[in-house]
Amino acid sequence: MRKLMDQITDEVTKAFTAAGYEARYGKVTLSNRPDLCEYQCNGAMAAAKNYKSAPFVIADEVAARLAGNPMFSMAESVKPGFLNLKLNASYLADYLSDMQADRERFGCEKTTEPKTIIVDYGGPNVAKPLHVGHLRSAIIGESIKRIGNFMGHRMIGDVHLGDWGLQMGLIITELKERRPELVYFDESFEGEYPKEAPFTIFELDEIYPAASKRSKEDEDYKKAAMQATGELQNGRRGYGALFQHILEISVSDLKQNYENLNVFFDLWKGESDVQPYIADMVAKMKADGFAYESDGALVVDVREETDTKEIPPCIILKSDGASLYSTTDLATIVWRMEEYHPDGMIYLADKRQEMHFIQVFRCAKKTGLLDSNTSLQYIGFGTMNGKDGKPFKTRDGGVMKLADLISEINAEMLLKITENRKMKENLLISEEEALATAKTVALAAVKYGDLSNQAGKDYIFDMDRFTSFEGNSGPYLLYTIVRIKSILNKYHALGKNEGDLRILPAHSDLEKNLMTELAKFNAVMETAFEESAPHKICSYLYDLANAFNSFYHETKIMTEEDELVQQSYIRLLDLTKSILEICIDVLGFEAPERM
Ligand code: ARG
């Protein structure tokens, strides 16, 4: 369906041209004086300069042409030359009825030019614990992917595992110290390696931090780890087999973790998967004259004339020939182009990685790894801080593990839900249901708390605010959905149904306000996709929930005596529920049946 704002602009534009003015002056926006009107057009002010006329004269002429137009209940010119507009209630009701008839998309059309876009998010490092920084990447990336899918694009989520760095050498070295007898360390061994890994995920979780700590204190140990990393990368068999074990165990643990967050990847590719592409890529960069040696390392210059700050060359290979973070990112681009020919790639990573992405993107473009119409976009996100404004830590000051954070929120939510059920309905809820509900609501609390901020900004993780049932929080939205579900259930339990009537024109200002919010749905989705901005869906959700709750508090729905009016209310509630549910789904969480 054409966006409501565009329909209104069309009408006003026609009035401008009919009065002899250029079409571009007809642009309509939401009113910034909601006490006076719903929409406004300031075009007469701009046109006045061009047509050497007084703004109010033009506004008057346009208003006269709009008089009697069934779209508006009011189209009036006010000094010095504004056009104030109110939509006709029946026009709005018809728009909503059409939305409702479109049972799956509610007036938000799929794009006519579907694109293939790879979203590179999550970015966990194999064998290192997931920390809260990875949480943001997962939450925002998942939402961007879902928004794109809803708009009809082909979004491919790739976890892009960090699995090819020093951490592998560290684990191998530590394991060698602890259990030198393992067959993986016997260089003369030519047989088949065991299928079972020689460690569990719990051991692995302990081995990495121990090794990392020791490498900081012991130079020789660090050298050994670097050498092991090099040997692994150069194909030492035993190390390769250990690597496979580490990968398998880590990945199944990671999958579980992400599933708990309602985060699902289409591809589980990692840095190690693109090893086979590096040699050819590097050779070509050299042959084409882009890559040259500098201080022993192989680099590509990526400076540009317009730079206002120093952009150092992109390092392709270290002096010992080892690959780096940028090497695997570049080779990944090669692989993705070959495999998917995407129209775009979107990367999510901490905003402190900005320089890395500037270098990689420029290098990829300069050396011709991309098609001219493939775009690269980096979304750098801010830090999640504690109440002290510093990066979120555990109570004793350590790095907060993701799993611990999630269980803390789950526990807090469980308390709240049990309280709420006791207070509101004096109903005891089974422990099982309480636990499941707590998990669902807790996820909404974390995700909404995160997504409602612009991605690039730091934000404060505030347990009380995030888990509150009131105010701008995930639980508040879920509460609104649950409230609607319960009204609909009560209504249907009376044996009534909403019939096939269209939605009636609003009976009150609050109802009209709710309708106006609902009608914005397609426009909001479109903008959120174009700007990769889930926070725009969040603020829409909050406005919509507020509009609904105000309407609900002022309107007797269940006791409405006029059956047709009641049916229309119920249809409006049903539409509100659908829109709220689609929006939270693209944000990556869902609502329980009750809470
Ligand atoms: N593994 C990286 C980290 O933990 C994030 C990866 C981001 N994606 C990428 N293609 N570089 O910081």
Side-chain angles (χ1 to χ4, degrees), residues 117-142 144-145 155-171 205 208-209 212 229 246-247 250-251 253-254 257-258 261 263 265-275 277-278 281 302 314-316 323-337 339-340 342 344-365 369-370 374-384 391-392 399-402 455-456 532:
I117 299 172
I118 296 182
V119 190
D120 178 314
Y121 70 110
N125 299 314
V126 164
K128 292 191 198 177
L130 281 174
H131 57 74
V132 295
H134 292 114
L135 181 65
R136 294 216 67 192
S137 178
I139 292 178
I140 305 168
E142 179 74 14
I144 288 177
K145 183 190 73 180
M155 309 295 282
I156 303 170
D158 183 2
V159 69
H160 198 72
L161 298 168
D163 61 359
W164 206 235
L166 184 60
Q167 86 255 37
M168 290 300 172
L170 283 166
I171 295 168
D205 276 351
Y208 173 74
S212 163
T229 310
I246 300 173
L247 199 62
S250 284
V251 166
D253 184 54
L254 283 169
N257 272 296
Y258 282 120
L261 291 173
V263 168
F265 297 95
D266 304 294
L267 300 175
W268 280 83
K269 293 288 174 187
E271 296 168 342
S272 68
D273 287 298
V274 295
Q275 283 311 298
Y277 291 81
I278 292 178
M281 176 183 82
V302 291
C314 184
I315 307 181
I316 309 296
S323 57
L324 304 93
Y325 190 36
S326 37
T327 324
T328 48
D329 262 329
L330 288 163
T332 302
I333 292 179
V334 175
W335 175 77
R336 287 177 182 160
M337 290 308 292
E339 197 72 18
Y340 293 98
M345 298 181 218
I346 300 178
Y347 294 76
L348 281 117
D350 190 301
K351 68 180 174 194
R352 284 166 292 193
Q353 296 194 18
E354 186 184 6
M355 184 56 86
H356 165 77
F357 284 100
I358 293 179
Q359 292 173 312
V360 167
F361 289 0
R362 285 188 180 183
C363 183
K365 277 179 210 149
L369 305 187
L370 294 168
T374 301
S375 67
L376 297 175
Q377 184 191 357
Y378 159 62
I379 300 177
F381 50 80
T383 313
M384 175 172 136
F392 205 77
V399 176
M400 178 66 107
K401 281 201 210 158
L402 187 56
S532 303

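All residue numbers in this chain count up from 1 along the given sequence. Start at 1 and go down the list; that is how both ligands and their atoms are numbered.
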What does the N/O contact table under 3.5 Å look like for ligand 1?
{"from": "ligand 1", "atom 1": "1 (N)", "to": "Gly123", "atom 2": "O", "distance (Å)": "2.9"}
{"from": "ligand 1", "atom 1": "1 (N)", "to": "Asn125", "atom 2": "OD1", "distance (Å)": "2.8"}
{"from": "ligand 1", "atom 1": "4 (O)", "to": "Gly123", "atom 2": "O", "distance (Å)": "3.3"}
{"from": "ligand 1", "atom 1": "4 (O)", "to": "Asn125", "atom 2": "ND2", "distance (Å)": "3.0"}
{"from": "ligand 1", "atom 1": "4 (O)", "to": "His134", "atom 2": "NE2", "distance (Å)": "3.2"}
{"from": "ligand 1", "atom 1": "8 (N)", "to": "Asp120", "atom 2": "OD1", "distance (Å)": "3.1"}
{"from": "ligand 1", "atom 1": "10 (N)", "to": "Asp120", "atom 2": "OD1", "distance (Å)": "3.4"}
{"from": "ligand 1", "atom 1": "10 (N)", "to": "Asp120", "atom 2": "OD2", "distance (Å)": "3.0"}
{"from": "ligand 1", "atom 1": "10 (N)", "to": "Asp329", "atom 2": "OD1", "distance (Å)": "2.7"}
{"from": "ligand 1", "atom 1": "11 (N)", "to": "Tyr325", "atom 2": "OH", "distance (Å)": "2.8"}
{"from": "ligand 1", "atom 1": "11 (N)", "to": "Asp329", "atom 2": "OD1", "distance (Å)": "3.4"}
{"from": "ligand 1", "atom 1": "11 (N)", "to": "Asp329", "atom 2": "OD2", "distance (Å)": "2.9"}
{"from": "ligand 1", "atom 1": "12 (O)", "to": "Gln353", "atom 2": "NE2", "distance (Å)": "2.9"}

Thr383: which residues meet the side-chain contact (heavy atoms from CB on, under 4.5 Å) condition with it, sequence neighbours left out?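 Thr383 satisfies side-chain contact (heavy atoms from CB on, under 4.5 Å) with Arg352, Asn385, Pro391, Asp458 only.
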Let me confirm one number: the CG-CE distance from Asp350 to Met384, rounded to the nearest 0.5 Å.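 Rounded to the nearest 0.5 Å, the CG-CE separation comes to 13.0 Å.
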Rounded to the nearest 0.5 Å, how far does CD1 of Ile118 lie from NZ of Lys145?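 So the NZ of Lys145 and the CD1 of Ile118 are separated by 13.0 Å.
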Stepwise side-chain contact (heavy atoms from CB on, under 4.5 Å) check, Leu161 with Leu254: CA-CA 10 Å; Leu161 298 168; Leu254 283 169; 3.8 Å; yes
Glu339: side-chain hydrogen bond (donor to acceptor under 3.5 Å, both in side chains) partners, not counting sequence neighbours: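 By the side-chain hydrogen bond (donor to acceptor under 3.5 Å, both in side chains) rule, Glu339 matches no residue at all.
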Residue list, side-chain hydrogen bond (donor to acceptor under 3.5 Å, both in side chains) with Ser323, at least two apart or on another chain: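 Scan of Ser323 (side-chain hydrogen bond (donor to acceptor under 3.5 Å, both in side chains), adjacent residues dropped) gives none.
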